[in-house]
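Inspection log for the structure reproduced underneath, given as structure tokens.
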Amino acid sequence: MSTRQFLRPISQAGRLRPKLWRSSAIPIRQISNYARKTFTLNTGAQIPAIGCGTFQYKEQQEGAVFEALKADESLRDLQTDYIDLYLLHHPCTFARGEDRFPKGKDGLMRMGETTYVDTWKALQEIMKSTEKIRAIGVSHFSRDEVETLIKAGMTPAVHQMELHPFLSQKSFAAWHKSLGIHVQQFSPLGNMNSFYRDVYWSNGRVNFGRLLDEPVLSEIGAKYSKSPAQVALAWGVNHGRSVIPKSTIPWQIRQNIESDFVLDEEDMDRIARLNADLRF
Ligand code: A2P
């Protein structure tokens, strides 16, 4: 498990977003013209179909979210008085202590005793007593783990998972849909992120060929006057899932936000055929 995978905040409806966009060259007004489509969660709240991945935006990452829960002052720093969606980033915890990512002498992570059910209960308490959390979701959970939560009466609002045309997770995604759990795709552009080229778990798979170089995506893009990235994102949105592409480049961010368009069924099927069960 890595720092990157510990807590991955999403851009949150209208609240975190101003701070996020301020660092880019794109005016807030322009962004809000495009980022309109939303999906309804099982809590009744709306989630933007296209969010901005904050992975690699240092100041937007886990520290900020932890602080947000700790003190009202920190919530003010985040320009919010609540968090729309709090994700349990993994179904496990690390050992308590000063070090947030504690490792043993063997170099392995030292795991904690708190279960994800305990963590969920604690979050639920915060949710009830402070109204600082509006919804709770999970990430990187297995089907068994999600079922354990459901049986304990704790159905997640969202499951954020790696999902893109190279990893379509068809039956897992359909299962979530049947239960009303919203699926949010991280790494919606597959192996485009250079990060994957440097980490051990992706070695061997990451050079499979970049998702956005797949001819199918550019052929379909030509039909709609959209880029391969936009086609890959629209595929997720057309399935009713939100997508959180990360980009630091203004023209890419602009493109990504304009990825909410309807794809014909035959194009959805062609994109589905890119699946290679490749997890990066
Ligand atoms: P960059 O890092 O240069 O902004 P992730 O899978 O973590 O969401 O990352 C997506 C990757 O794809 C990033 O490396 C990002 O590049 C790149 N990317 C994001 N949007 C686009 C786009 N519209 N066209 C091409 N590449 C993109």
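Position 1 is the first residue of the sequence, and the numbers go up from there. When a ligand or atom number is given, it counts from 1 through the structure's own listing order. Worth knowing before you read on, the calculation uses all heavy atoms, side chains too, and leaves out hydrogens, waters and symmetry mates.
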- Query: Any N or O of Y196 that comes nearer than 3.5 Å to an N or O of ligand 1?
  - Reply: no
Polar proximity ligand 1 side, W251 side, N/O cut 3.5 Å exclusive
no
With heavy atoms and a 4.0 Å threshold, my read on which part of M192 contacts ligand 1 is both
Taking only non-hydrogen atoms of A229 and a 4.0 Å limit, the atoms of ligand 1 in range are 22 (C), 23 (N), 24 (N)
Filtering H164, Q185, Q252 for the heavy atom nearest atom 21 (C) of ligand 1 leaves Q252
Mutual orientation of the aromatic rings belonging to F94 and F101 [parallel < 30°, tilted 30-60°, perpendicular > 60°]
perpendicular
The atoms of ligand 1 lying under 4.0 Å from a heavy atom of S187, numbered in the order shown, are 6 (O)
- Message: So does V243 get a backbone contact from the side chain of Q185, meaning a donor-acceptor N/O pair under 3.5 Å?
- Response: no
Could you tell me whether E125 and K121 make a salt bridge, using a distance below 4.0 angstrom between a side-chain N and a carboxylate O? no
Any heavy atom of P245 under 4.0 Å from ligand 1? The part involved is backbone
So the salt bridge (Lys or Arg N to Asp or Glu O under 4.0 Å) pairs with at least one residue in residues 102-118 (sequence neighbours excluded) are none
For L189, the atoms of ligand 1 under 4.0 Å from one of its heavy atoms are 12 (O), 18 (N), 19 (C), 20 (N), 21 (C), 27 (C)
Please report the C-alpha distance between E147 and R143 in whole Å, then the side-chain angles of each, then the deciding distance to 0.1 Å, and finally whether the salt bridge (Lys or Arg N to Asp or Glu O under 4.0 Å) criterion is met.
CA-CA 6 Å; E147 274 172 344; R143 179 169 168 154; 3.4 Å; yes
**Criterion side-chain contact (heavy atoms from CB on, under 4.5 Å) on K170 and N275, from CA distance to verdict** = CA-CA 9 Å; K170 193 174 172 189; N275 181 48; over 6 Å; no
Note: L211 and A232 closest approach over all heavy atoms is CD2-CB, 4.4 Å
Logged contact type for N256 with ligand 1, heavy-atom cut-off 4.0 Å, is side chain
In ligand 1, the atoms that come under 4.0 Å of a heavy atom of T248 are 4 (O)
Within 4.0 Å of some non-hydrogen atom of I249, the atoms of ligand 1 are 3 (O)
Decide whether I271 and L167 are clustered together by the hydrophobic rule: side chain heavy atoms of Ile, Leu, Val, Met, Phe, Trp, Tyr closer than 4.5 Å, transitively.
no
